[in-house]
Each structure stands twice: as C-alpha cells, then as structure tokens.
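Report on the structure given below.
Order of the sequence lines fixes the chain letters, A, B, ..., with proteins taken first and strands second; residue numbering starts at 1 for each chain.
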Amino acid sequence: MPRSNAVTFTDKKLGSLKKRAEFLFVREGQYRAQGGIVIQMRKNPAHTTIRVGFTATKKIGNAVIRNRAKRRLRQLARQFLPQFGAVGYDYVFIARDSTVGRDWACLTQDTKKALKALYVLSKPA
RNA sequence: UCAGAGGGCCAGACGGCCGCGGGCUGCAAGGCGCGAGGAAAGUCCGGGCUCCAGCGUAAUAGGAUGCCAGAUAACGUCUGGCGGGGGUGACCCUAGGGAAAGUGCCACAGAGAGAAGACUACCUCUAUAUAGGGGAAAAGCUGAAAGGGUGCGGUAAGAGCGCACCGCGCCGAGGGCAACUCAGGCGGCAAGGUAAACCCCAUCCGGAGCAAAACCAAAUAGGAACGAUAUUGCGCGUUACGCCGCCAUCGUUCGGGUUGGUUGCUAGAGGCUUAUCGUGAGGUAAGUCCAAGAUGAAUGGUCGUCACUCAUAUUUAUAUGGGUACAGAACCCGGCUUAUCGGCCCUCUGAUAUU
C-alpha cells in the first residue's frame with residue numbers, strides 16, 4: 001500500500017507531520033512568532049502539498065490545556081493554510097502560554113500576519 | 001430554627017455557522033447513526049488476556065498480609081460481627097497474632113526504674129539535743145512511668161497485715177460457627193513497656209507486559225523448522241528430585257533485526273428493569289439494551305439566548321463586568337488513593353421554640 005502522504009494532492013487537503021524527525025527538519029527553517037502563536041516553515045522537495053504539524057509543550061499546562069491549544073491551532077490551520085500557505089512547504093504551529101486564553105479574533109489576525117510574512121520569505125527574488 | 005452525623009446524585013442547558021474520527025448504506029454524490037470521566041488521573045493492589053523451556057512435588061531466600069465469619073474470578077477491597085478508644089448522641093477511629101524462644105532500646109531527672117529503694121519527714125533503741133543502729137513504703141521530692149485504688153480495722157509507726165467494694169490475674173457452668181462473652185469460684189496481686197525494632201508463627205506469591213503478541217508486504221545474514229546420524233554430559237530453569245526440551249554433522253525447506261500495514265480492539269466477571277434468597281456485601285432467574293475505538297492520537301472551534309453565582313452602581317429591581325470546578329479514553333474489568341466551582345435530595349442525632 002502506498003504511503004498516504006506520497007500521493008500527489010491536487011486539492012487543498014492538508015497532509016500531516018507524524019515523525020519526530022519531520023518536526024526537527026522543519027525547525028531548521030524560517031519561523032515567525034506573532035501574538036499567541038509561533039509558526040515554523042521549511043520547503044520540502046519530497047512533497048507537492050502543504051503539510052502541517054502541531055506542538056504544545058508541557059510548559060503550557062496539563063493534558064487538557066495542551067489538547068485545547070492543539071485543537072485551536074488545528075482549527076486555525078484548516079481556516080488559513082489553504083489560502084495563505086505555500087505549496088510544497090511543511091508548517092509547524094507551536095502553542096504559547098497565551099494560545100488558549102487569547103481572544104479568537106486576535107488569534108486569527110496573528111495567524112494571518114504570520115502566514116503572510118512567511119509566504120513572502122518563501123518566494124525569494 | 002440552630003448545631004451536627006451518615007449516605008446518594010448532578011457536573012450548566014438549548015440553538016445557529018464551520019469542522020473532526022470510526023461504523024452502516026450507496027456505482028457515486030450523498031444519507032443515517034455513534035463519539036470522554038466520576039475520577040478517564042496516580043499506577044498503589046487484585047484478576048482476565050498474551051508471551052517467556054518449561055511442568056509437577058519439596059525446600060531456601062525475598063516480598064506481602066495479620067481479631068472472627070462471610071462476599072467474590074481475585075484482592076491489601078467490601079459486608080456483618082467481636083475487642084479497644086472517643087463523643088450527651090446520631091456516629092466515628094482502630095496493622096488488633098506472639099513479649100515464660102532469643103537480641104536490642106527505655107534518655108534526663110531522681111535516694112530508688114524491675115526479685116527496687118532510705119535523701120527529707122515518721123516510729124523506736126543506745127549514748128544524748130547531735131551521732132549511730134533498727135523498723136517502715138503511708139507523706140514529700142524527681143519523672144512519661146514509683147511495684148493496685150478508696151474506706152475501716154490494725155500498729156511503736158506502718159504495710160493486702162486483715163476485711164468490704166472497685167480494678168487485675170487464673171479456672172470456668174452456660175451462650176456463640178468463630179473472634180469472643182459470661183453466672184460463679186479461686187488468688188492478696190504478679191520479672192514492666194516496646195514487635196509501623198530485629199525476630200518468631202500462620203497464610204499467600206514465577207517473571208514481563210497490548211510498545212504483550214500474531215500475521216502480511218518490502219529488503220537482507222550471524223539464524224529457524226523438518227528428516228537422518230551421533231548419545232556425551234554440559235547449558236537453560238533459584239536449588240534438589242522426576243519428566244521434558246536444547247546442543248555436534250549432513251541434506252531439504254523457510255526466512256531475522258528494521259519500516260509500513262492488518263489483527264489484537266472492544267459483547268464484557270457488560271448496563272438497566274423486575275422477581276426471589278440473604279441483616280448485608282452479594283447470589284439466582286427472567287426480560288430488555290448494545291453504549292468511543294483514535295495511533296503526532298477524533299470526540300472540536302466560534303457566536304447567540306437562557307440558567308446559577310460573585311462584585312459594583314443605584315430607582316431593590318434592573319444595568320455593567322467577571323466566574324461556572326477537577327480534569328481528556330489508548331487492551332479490558334474489580335478496588336484503593338488523590339483532585340474537585342457550585343448545588344440538590346434522603347435518613348438520623350442533640351438543643352431551642354410552639355402545640
């Protein structure tokens with residue numbers, strides 16, 4: 001059976017990062033911290049789709065807090081990555097202390113600004 | 001009404017919009033239905049299940065448990081009872097076997113601390129205003145603890161020295177399955193305490209865990225299986241005995257570690273209702289229901305209305321703002337422990353008021 005993320009996606013469906021090695025790979029790329037969110041990005045020549053992963057460390061809180069933060073990040077990714085993400089890049093969304101408590105409207109603005117800034121970096125002159 | 005004791009339950013509700021993970025159905029588009037907890041937590045006990053060359057019997061070491069009876073698959077859990085302690089009471093607490101098997105410890109103070117003791121005070125004798133001898137455990141002092149308590153008799157002064165009551169120890173008819181209880185009798189009353197100190201006794205216990213384990217696909221060797229020959233003791237298992245297994249050579253066949261996927265994976269010591277047996281934990285029978293299954297890991301995001309509650313303001317009913325815990329399944333059950341905003345219900349006890 002072929003690996004699901006090896007299939008060439010033509011729609012806007014997002015792939016996901018699953019291995020620790022993949023997260024470490026993205027960490028070496030560009031990053032942008034904005035308000036209640038940190039986004040990392042790196043070009044991955046092996047894929048022609050947008051892939052995304054989520055990180056919430058123990059520094060943020062217990063399991064309930066971390067899961068809640070990841071759900072909000074996942075919701076943000078669904079809303080904005082198909083529109084503002086760069087194809088062929090891997091993204092990692094990292095939760096901060098303020099991710100859970102921050103107003104949802106502010107969080108969406110943070111995400112849009114961060115993604116736009118990173119999109120510019122993905123198209124070097 | 002106030003104060004308190006025991007037990008049970010809930011864990012904000014509803015609706016838009018946008019989404020997620022399984023299942024069923026459909027050629028497809030889609031449709032239908034399901035989707036966190038009382039602790040899912042800590043991983044502290046007990047099981048099921050899976051694997052590990054072991055299995056049976058016995059023993060050693062180690063660990064756990066420790067009044068009695070019962071419940072249960074099992075337990076260190078639960079139920080009922082007994083003993084001890086606390087409370088006016090409802091009720092609560094209790095590791096509660098053995099100290100004449102042995103070892104250790106009991107500081108300091110104090111005259112004396114375990115077959116105790118004479119410092120002061122007391123009684124008495126001898127010389128005589130002080131010293132010495134004797135009696136004595138009643139008073140003082142010390143201490144956590146001073147070798148039964150109170151009263152009467154008794155005496156030089158005293159003392160279980162004698163007696164009564166209380167306490168204690170031993171025996172014990174009768175009651176109880178048992179722990180134990182107890183009518184009565186006997187003994188003048190003891191060489192203490194500590195075993196969540198070592199220890200002794202009784203009972204129980206193999207280890208690792210779903211990242212267990214099985215299968216499929218890809219890719220590769222030091223291996224694995226079967227058959228034949230060889231038959232020595234060695235190795236594995238904590239040890240001994242018994243049974244069994246492995247071992248060297250040849251031939252044939254198949255293929256580790258790792259990665260991905262599938263199974264394990266949710267119908268079970270299952271929930272609910274009724275009947276019945278039992279003081280109860282629970283047992284039995286009938287009916288009925290199917291209730292998450294992810295794997296960088298779904299069960300959500302956001303907005304609105306209402307509910308509860310807190311603060312502030314005042315027109316005492318509204319406005320504004322805040323809050324609505326602890327916490328997230330990861331193979332599954334039975335418990336224990338810990339965390340928890342706010343609220344509701346039931347039963348019982350004491351006090352006060354009224355009738």
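Whole-Å rounding puts the A:Asn67 CG to B:rU299 P distance at 9 Å. Atom C1' of nucleotide B:rA327 and atom CZ of A:Arg66 are separated by 12 Å, given to the nearest angstrom. Taking atom CZ on A:Phe54 and atom C1' on B:rA298, their separation rounds to 13 Å, with Å as the unit. To the nearest angstrom, P of B:rG296 lies 13 Å from CZ of A:Arg51. Between the NZ atom of A:Lys70 and the P atom of B:rU295 there is a distance of 13 Å, rounded to whole Å.
The side chain to side chain donor-acceptor pair (under 3.5 Å) test applied to A:Asp90 returns A:Asn44, A:Arg51, not counting sequence neighbours. Listed by chain and number, the residues in a side-chain contact (heavy atoms from CB on, under 4.5 Å) with A:Tyr31 are A:Val38, A:Gln40 (sequence neighbours excluded).
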Are any protein N/O atoms closer than 3.5 Å to N/O atoms in nucleotides 300-302 of chain B? If there are, list each pair with its distance.
residue: B:rG301; atom: OP1; partner: A:Arg68; partner atom: NH1; Å: 2.8
residue: B:rU302; atom: OP1; partner: A:Arg72; partner atom: NE; Å: 3.2
residue: B:rU302; atom: OP1; partner: A:Arg72; partner atom: NH2; Å: 2.4

Table of protein N/O atoms under 3.5 Å from nucleotides 321-323 of chain B N/O atoms:
none

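Here the shortest heavy-atom pairing between A:Val26 and A:Met41 reads CG1-N, 4.0 Å.
B:rU94 sits 14 Å from B:rC67 when the P atoms are compared, rounded to a whole Å. Look at the P atom in both B:rG30 and B:rC20: the space between them is 12 Å, to the nearest Å.
Phosphate proximity of B:rA298 to A:Arg74: present, with a side-chain N or O under 4.0 Å from OP1 or OP2.
Base pairing of B:rU352 is not made with any nucleotide, judged by Watson-Crick or G-U wobble geometry with both donor-acceptor distances under 3.5 Å.
Pairs of residues two or more places apart, or lying in two chains, that qualify as salt bridge (charged side-chain N to carboxylate O under 4.0 Å, His left out) and include a residue from residues 108-122 of chain A are A:Arg102-A:Asp110. For the salt bridge (charged side-chain N to carboxylate O under 4.0 Å, His left out) condition, no pair includes a residue of residues 29-45 of chain A, sequence neighbours left out.
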